[in-house]
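Some notes on the structure that comes next.
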Amino acid sequence: MERTLIGSLKEHLNETVTVQGWLQTLRDQKNMQFLILRDRTGLVQIAHYRPANPELGNLISALGTESALTISGKVVENPVVKLGGLEIQLENLKVESPAEAPLPFDPFDKDNIPAIDFRMDWRYLDLRREQNLLLFKVQTLLEHAMREYWLKQDFIEIHSPKITGSPSESGAELFEVQYFERKAYLAQSPQFYKQMAMSAGFEKVFEIGPVFRADPSFTSRHMTEFTGLDVEISWIDSHEDVMVFTEGWLQYAYQRVKDVYGAEIEREFGVDIQVPALPFPRMTMSKAYSILKDMGYKLPPERKGDLDPGGERAIADYAKKEYGSDFLFVIDWPISVRPFYHMRHPDAPELTRSFDLIAGGLEIATGAQREHRLEILKAQALEKGLGLENIQYYLDFFRFGTPPHGGFGMGLSRLLMVLLNLPNIRESVYLFRGPNRLQP
RNA sequence: GGGGGCGUGGUGUAGUGGCUUAACAUGCGGCCCUGUCAAGGCCGAGACCGCGGGUUCGAAUCCCGUCGCUCCCGCCA
């Protein structure tokens, strides 16, 4: 048996074909029965004249919607049919797996979409929605385009371990796991390991992998496990080189997504993808601070030198208005709000060579030039109150010749959230993990 | 960890002190319908209004507690 995809049925007019999919709608009349079948390529109507085969008619009448079916019949042109002007005249039907009735909810009733938490309980039904299918096609292409860009520039892909032996930076946000007779932790970032690749002479690396954060955060943009997009590049002059890479890479990925799925995204999400122009605007943290002050936005006084989410949104609005850009690099953050391994400005030692990328008002990436000089790195760690014993393995990376380097980490689901203008990160991830969500 | 909001049939909502025997849509079950297509018509089942306590002649509605969800802040991608 050869399966024909619904999307290609018009190439099979007057042929007998086999299609497989889910029963989306059943219109069951006295004499005529119409089944709307869905596969990942589309919908088709299947017609059955009941008196021709009453037994089959009874089988159809008993079907619950969303049952998985294999159907064969003749494809005929029929201008009366609103669904593509063709239909399949049913010859054979096999119930591969019946769906219980009623369903917990109807994924195709757009007026009664349940709240996200309920849909997560039945995520496999939620994912049957066209919008979700498209979302994951977009994610696949997005990652593919990013890889294309990396490979064109001779990047090497790494897979760093997610089980780690010591709390690195602060330790507070680490999940502890039992590791035979001792304790281990789930990696909260591939940061140190991708820097090790710089010491290894890989020069340019990337990683797409899971990241774990034990933060009890209850917001629309946080998860305890998410997919990180990480990049590290050697022989840079400053964080500017990292930003130039980042914006070119994002522009390329956006363009690919728009080319392939622009129209579908417009239809399903009501979003007209804007491929960003280069360069993205850059704004120093102190400039951002004074602009916010002029706008009358009051930052909490205790957050000196930092931006709160409201400030991020306000400064993003400013960038949109002043520069017409959805993206903004906020650069040169004070050392007080940056980790010890960020390189400092030689002429302004209280500032780091770092950036945050704000997209659509949301922080989607953080990057920096890293400090690669061992003695300075050690001094900065001590200044931050870190015990050198815990990070000795990391400090060792810098003992035998490490090039100047920098990179960034970006949240895949956050990017997708911005790209498709989703209100909640739980909509943009296959299965959400949060403080209270471990299943399915 | 701190603060706000919400919790009503399977789902989405209305009802915010007596008009409620809790309404509407959708879904579900039954019957009807010669081709439907957002199918349609008729009938039916389904909610002790998250849970516990209180105020009141009277509570889905007000108060307290509790649980769940959610959003914001903190933290961050």
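Note on naming: letters A, B, ... go to the chains in the order of the sequence lines (proteins, then strands), and numbering restarts at 1 for each one.
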Handout entry: B:C72 OP1/OP2 closer than 4.0 Å to side-chain N/O of A:Arg313
Key = no
Handout entry: Candidates B:U36, B:A77, B:U11 - which lies nearest the side chain of A:Arg27
Key = B:U36
Show me the protein contacts with nucleotides 23-27 of chain B, counting only N or O atoms at under 3.5 Å.
residue : atom : partner  : partner atom : Å
B:U26   : O2'  : A:Asp109 : OD2          : 2.7

Completion exercise
Walking RNA chain B from its 5' end, the first of A:Glu225 and A:Phe105 to be reached, judged by nearest nucleotide, is A:Phe105
Problem - Ring centers of A:Tyr149, A:Phe245 separated by less than 6.0 Å - result: yes
Problem - A:Glu312 and A:Leu362, any side-chain heavy atoms less than 4.5 Å apart - result: no
Exercise for the section: Would you indicate, yes or no, if B:C73 has its OP1 or OP2 atom less than 4.0 angstrom from a side-chain nitrogen or oxygen of A:Arg221? Expected result: yes
Problem - Value in whole Å for how far the P atom of B:G10 lies from CG of A:Leu125 - result: 17 Å
Exercise for the section: Between B:C73 and B:A60, how far apart are the P atoms? Round to whole Å, please. Expected result: 37 Å
Problem - Pairwise P distance, B:C6 and B:G29 [rounded to whole Å] - result: 36 Å
Exercise for the section: Produce a footprint string for nucleotides 41-47 of chain B: one letter per nucleotide, 5' end first; B if the base is under 4.0 Å from any protein heavy atom, S if only the sugar-phosphate is, - if neither. Expected result: -------
Problem - Contacts of type side chain to side chain contact (heavy atoms under 4.5 Å, CB included), residue A:His144, not counting sequence neighbours - result: A:Glu148, A:Arg256
Exercise for the section: Indicate yes or no: at least one non-hydrogen side-chain atom of A:Arg128 is less than 4.5 angstrom from one of A:Phe108. Expected result: yes
Exercise for the section: Could you tell me whether a side-chain N or O of A:Lys10 sits under 3.5 Å from a main-chain N or O of A:Gly7, the two making a donor and an acceptor? Expected result: yes
Exercise for the section: Tell me what A:Val211 touches on the nucleic acid: a base, only sugar-phosphate, or nothing, going by heavy atoms under 4.0 Å. Expected result: nothing
Completion exercise
Considering only heavy side-chain atoms of A:His222, the closest of B:C76, B:G29, B:G35 is B:C76
Practice task
Mark yes or no for a side-chain to base donor-acceptor pair under 3.5 Å between A:Ser217 and B:C75, with no hydrogen or angle criteria applied.
Solution key: yes
Exercise for the section: Say whether, by atom type as modelled, one donor and one acceptor occur between the side chain of A:Arg213 and the main chain of A:Leu174 under 3.5 angstrom. Expected result: no
Practice task
Once you apply the 3.5 Å cut-off to both distances, tell me the Watson-Crick or G-U wobble partner of B:U56, or none.
Solution key: none
Practice task
Indicate, with a heavy-atom threshold strictly under 4.0 Å, whether A:Gln33 touches base, sugar-phosphate, or nothing.
Solution key: nothing
Handout entry: Member of A:Arg267, A:Lys137, A:Arg38 meeting the salt bridge (Lys or Arg N to Asp or Glu O under 4.0 Å) criterion with A:Glu130
Key = A:Arg267
Problem - Side-chain N or O of A:Ser220 closer than 4.0 Å to phosphate OP1/OP2 of B:C72 - result: yes
Handout entry: A:His342 vs A:Ile335 side-chain heavy atoms within contact, under 4.5 Å
Key = no
Exercise for the section: Sort out the partner of B:G7 for me: Watson-Crick or G-U wobble, both distances under 3.5 Å, none otherwise. Expected result: B:C67
Problem - Length of the CD1-P vector between A:Ile364 and B:C75, whole Å - result: 20 Å
Problem - Distance between C1' atoms of B:C75 and B:G1 (Å, rounded) - result: 11 Å
Exercise for the section: Using whole Å, report how far CZ of A:Arg50 lies from P of B:U34. Expected result: 13 Å
Problem - A:Pro216 side chain, from C-beta outward: closest of B:U36, B:A77, B:G74 - result: B:G74
Problem - Same-atom distance (C1') from B:A59 to B:G17, integer angstrom - result: 7 Å
Fill in the blank from the handout: Expected list for residues 407-419 of chain A near RNA chain B, using heavy atoms below 4.0 Å, is A:Gly409, A:Met410, A:Gly411, A:Arg414
Exercise for the section: Using a 4.0 Å heavy-atom cut-off across all strands, classify A:Phe118 as base, sugar-phosphate, or nothing. Expected result: sugar-phosphate
Fill in the blank from the handout: Answer for the Watson-Crick or wobble partner of B:G12, both distances under 3.5 Å, is B:C24
Exercise for the section: Could you measure between the two P atoms, the one in B:A22 and the one in B:C48, and give it in whole Å? Expected result: 12 Å
Practice task
Just jot down the ring-ring contact (aromatic ring centres under 6.0 Å, His included) partners of A:His48, sequence neighbours excluded, or say none.
Solution key: none
Practice task
Decide, applying a 5.5 Å centre-distance limit and a 30° plane-angle limit (both strict), whether A:Phe34 stacks on B:U36.
Solution key: yes
Handout entry: Salt-bridge contact A:Asp332-A:Arg353 (side-chain N to carboxylate O under 4.0 Å)
Key = no
Exercise for the section: Can you label the angle between the A:Phe118 ring and the A:Trp122 ring as parallel, tilted or perpendicular, going by 30° and 60°? Expected result: tilted
Completion exercise
When both distances are under 3.5 Å in a Watson-Crick or G-U wobble arrangement, the nucleotide paired with B:G1 is B:C73
Practice task
Please confirm whether the backbone N or O of A:Gly367 pairs with a side-chain atom of A:Ser354, one donor and one acceptor, at under 3.5 Å?
Solution key: no
Completion exercise
Taking B:A77, B:U70, B:G74 as options, the one with an atom nearest any side-chain atom of A:Glu363 is B:A77
Problem - For atom CG of A:Leu90 and atom C1' of B:G35, their distance in whole Å - result: 15 Å
Practice task
Determine the Euclidean distance between corresponding P atoms of B:G15 and B:G4; express it in Å to zero decimal places.
Solution key: 24 Å
Problem - Side chain of A:Gln29 (C-beta onward), nearest among B:C33, B:A77, B:G1 - result: B:C33
Problem - Spacing between A:Asp126 atom CG and B:G12 atom P, to the nearest angstrom - result: 12 Å
Problem - Lys/Arg cation over aromatic A:Phe432: A:Arg426, 6.0 Å, 45° cone - result: yes
Problem - Salt bridge present between A:Glu207 and A:Lys194 (N-O < 4.0 angstrom) - result: no
Exercise for the section: For nucleotides B:C19 and B:U55, find the distance between their C1' atoms and express it as a whole number of Å. Expected result: 23 Å
Practice task
Please check the phosphate of B:A77 (OP1 and OP2 only) for any side-chain N or O of A:Thr366 closer than 4.0 Å.
Solution key: yes
Exercise for the section: Searching all strands shown, indicate the nucleotide that pairs with B:C31 (Watson-Crick or G-U wobble; both distances under 3.5 Å). Expected result: B:G41
Practice task
Identify whether any heavy atom of A:Asn436 sits under 4.0 Å from a base atom; if not, whether one sits that close to sugar-phosphate; answer base, sugar-phosphate or nothing.
Solution key: sugar-phosphate
Exercise for the section: Check whether any side-chain N or O of A:Gln380 sits under 3.5 Å from a backbone N or O of A:Phe340 as a donor-acceptor pair, and report yes or no. Expected result: yes
Tabulate atom names and distances for all N/O pairs under 3.5 angstrom spanning the protein and nucleotides 30-32 of chain B.
none

Handout entry: Centroid-centroid under 6.0 Å between A:Phe327 and A:Tyr254 rings
Key = yes
Problem - Any side-chain heavy-atom pair of A:Phe206 and A:Leu229 under 4.5 Å - result: no
Handout entry: Inter-nucleotide C1' distance (B:G9, B:C28), Å rounded
Key = 11 Å
Fill in the blank from the handout: In whole angstroms, the gap separating P of B:U70 from CZ of A:Arg119 amounts to 11 Å
Practice task
Report yes if a side-chain nitrogen or oxygen of A:Asn31 is closer than 4.0 Å to either non-bridging phosphate oxygen (OP1 or OP2) of B:G35; otherwise report no.
Solution key: no
Handout entry: Whole-Å distance separating the CZ atom of A:Phe175 from the C1' atom of B:C75
Key = 13 Å
